[in-house]
Amino acid sequence: MPWELIDEPKKSGNGSEPPELELCAALASLRAHERSLLLGEALPVPAGAAVALLRRWDQSQRFLLLLNPHGTPLRPFSVPRDPQDPRDPALPEWATLRFSTGPRQPGEPQVQLQELRVGPHQGLLLGFPYSPQ
């Protein structure tokens, strides 16, 4: 696993934090400011071989955590979902990529869930607004 390669944080020449610590600090800050992450319930979401968890609280922004523990890329939402299934929480068609352990892209790009690919050993945090059913 990629995180097993980290024996100790790598020191950079300019005194900034290693990318792993920057990600942890950013996630901790987001959790402190977002009620869904701080107080919200966690619901499992069917996502094929990936691990998916939806965090929601009242009418606050929702967060979808996706983890691929496998060594091959996955398309977790390529299988059609049944909107009437009570075990299957409602998800939007599009979400905002908030954080990724993979290659970084500038800004917060919009991703279409049915076309989303999660790389090997990659984790994603997606956000989307509350929407009444």
Side-chain angles (χ1 to χ4, degrees):
M1 302 282 169
W3 48 86
E4 292 172 346
L5 300 175
I6 304 171
D7 291 330
E8 62 183 61
K10 299 177 183 109
K11 306 266 188 228
S12 59
N14 61 7
S16 65
E17 293 180 331
E20 298 85 8
L21 294 180
E22 288 177 5
L23 178 62
C24 288
L27 287 172
S29 175
L30 182 65
R31 183 171 187 241
H33 293 93
E34 293 288 349
R35 290 189 172 274
S36 293
L37 295 174
L38 186 62
L39 305 169
E41 62 181 331
L43 301 170
V45 177
V51 177
L53 192 66
L54 176 66
R55 295 293 306 260
R56 67 182 186 187
W57 174 261
D58 197 26
Q59 295 182 5
S60 299
Q61 172 141 351
R62 271 66 168 127
F63 291 93
L64 181 64
L65 174 67
L66 284 167
L67 302 172
N68 178 0
H70 306 285
T72 57
L74 297 174
R75 291 188 55 206
F77 301 114
S78 60
V79 177
R81 299 163 41 91
D82 181 9
Q84 303 303 323
D85 188 351
R87 298 169 295 161
D88 201 357
L91 296 177
E93 189 174 331
W94 292 83
T96 303
L97 178 63
R98 300 292 298 265
F99 292 102
S100 171
T101 59
R104 296 183 187 199
Q105 299 177 357
E108 294 181 342
Q110 295 287 313
V111 294
Q112 186 176 14
L113 292 185
Q114 282 193 328
E115 301 299 321
L116 181 65
R117 295 181 67 84
V118 183
H121 308 292
Q122 186 178 11
L124 304 175
L125 183 64
L126 306 172
F128 56 93
Y130 164 77
S131 170
Q133 276 77 10

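Hydrogens, waters and symmetry mates play no part in the numbers below; they use all other heavy atoms, side chains included. Numbering of residues begins at 1 and proceeds along the displayed sequence.
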Is there a path from W94 to L64 through hydrophobic residues (I, L, V, M, F, W, Y) whose side chains come within less than 4.5 Å of each other?
-> no

Grouping ILVMFWY residues whenever side-chain heavy atoms fall under 4.5 Å, the cluster of L74 otherwise contains none

Closest non-hydrogen contact found for P76 with L66 is CG-CD2, 4.2 Å

Sequence neighbours excluded, the answer for salt bridge (charged side-chain N to carboxylate O under 4.0 Å, His left out) partners of E41 is R56

Here the gap from S78 atom OG to R117 atom CZ, rounded to the nearest 0.5 Å, amounts to 9.5 Å

Looking at A49, is its backbone amide N or carbonyl O close enough to the side chain of H70 to form a donor-acceptor pair, meaning the two atoms are under 3.5 Å apart? yes

Self-check item: Pairing of E115 and R75 as salt bridge, 4.0 angstrom limit
Solution: yes

In short, G123 meets L67 closest at the heavy-atom pair CA-CD2, 3.8 Å

Check your understanding: Do L65 and L54 come close enough that some side-chain heavy atom pair is under 4.5 Å?
Key -> no

What one should report as the nearest heavy-atom pair of R55 and A42 is CD-CB, 3.6 Å

Students should find that the hydrophobic cluster of L39, defined by side-chain heavy atoms under 4.5 Å apart, otherwise consists of L38, W57

On a heavy-atom basis, the closest approach of Y130 and D58 is CD1-O, 3.8 Å

ask   = Counting only N and O atoms by type, is there a donor-acceptor contact under 3.5 Å from the side chain of N68 to the main-chain atoms of A50?
value = no

Would you say the side-chain atoms of S100 pair up with the backbone N or O of G102, donor to acceptor, closer than 3.5 Å? yes

The single option from T96, L91, L113 that satisfies side-chain contact (heavy atoms from CB on, under 4.5 Å) with F128 is L91

Output for pair (R62 CZ, L37 CG), nearest 0.5 Å, gives 11.5 Å

- Measure from the side-chain N and O atoms of R98 to the backbone N and O of G127, and report whether any donor-acceptor pair falls under 3.5 Å. no

So CG of L125 and CD of E34: to nearest 0.5 Å the spacing works out to 9.5 Å

Test your reading of the model: is there a side-chain donor-acceptor pair from S60 to the backbone of R35, 3.5 Å cut-off? no

Exercise. Using a 4.5 Å cut-off on heavy atoms from C-beta on, say whether the side chain of P73 contacts that of P120.
Key: yes

For A52 and F77, the nearest pair of non-hydrogen atoms, with its separation, is CB-CZ, 4.5 Å

| Within-4.5 Å side-chain heavy-atom neighbours: L126 and F99 | no

Donor-acceptor under 3.5 Å (T101 side chain, Q122 main chain):
no

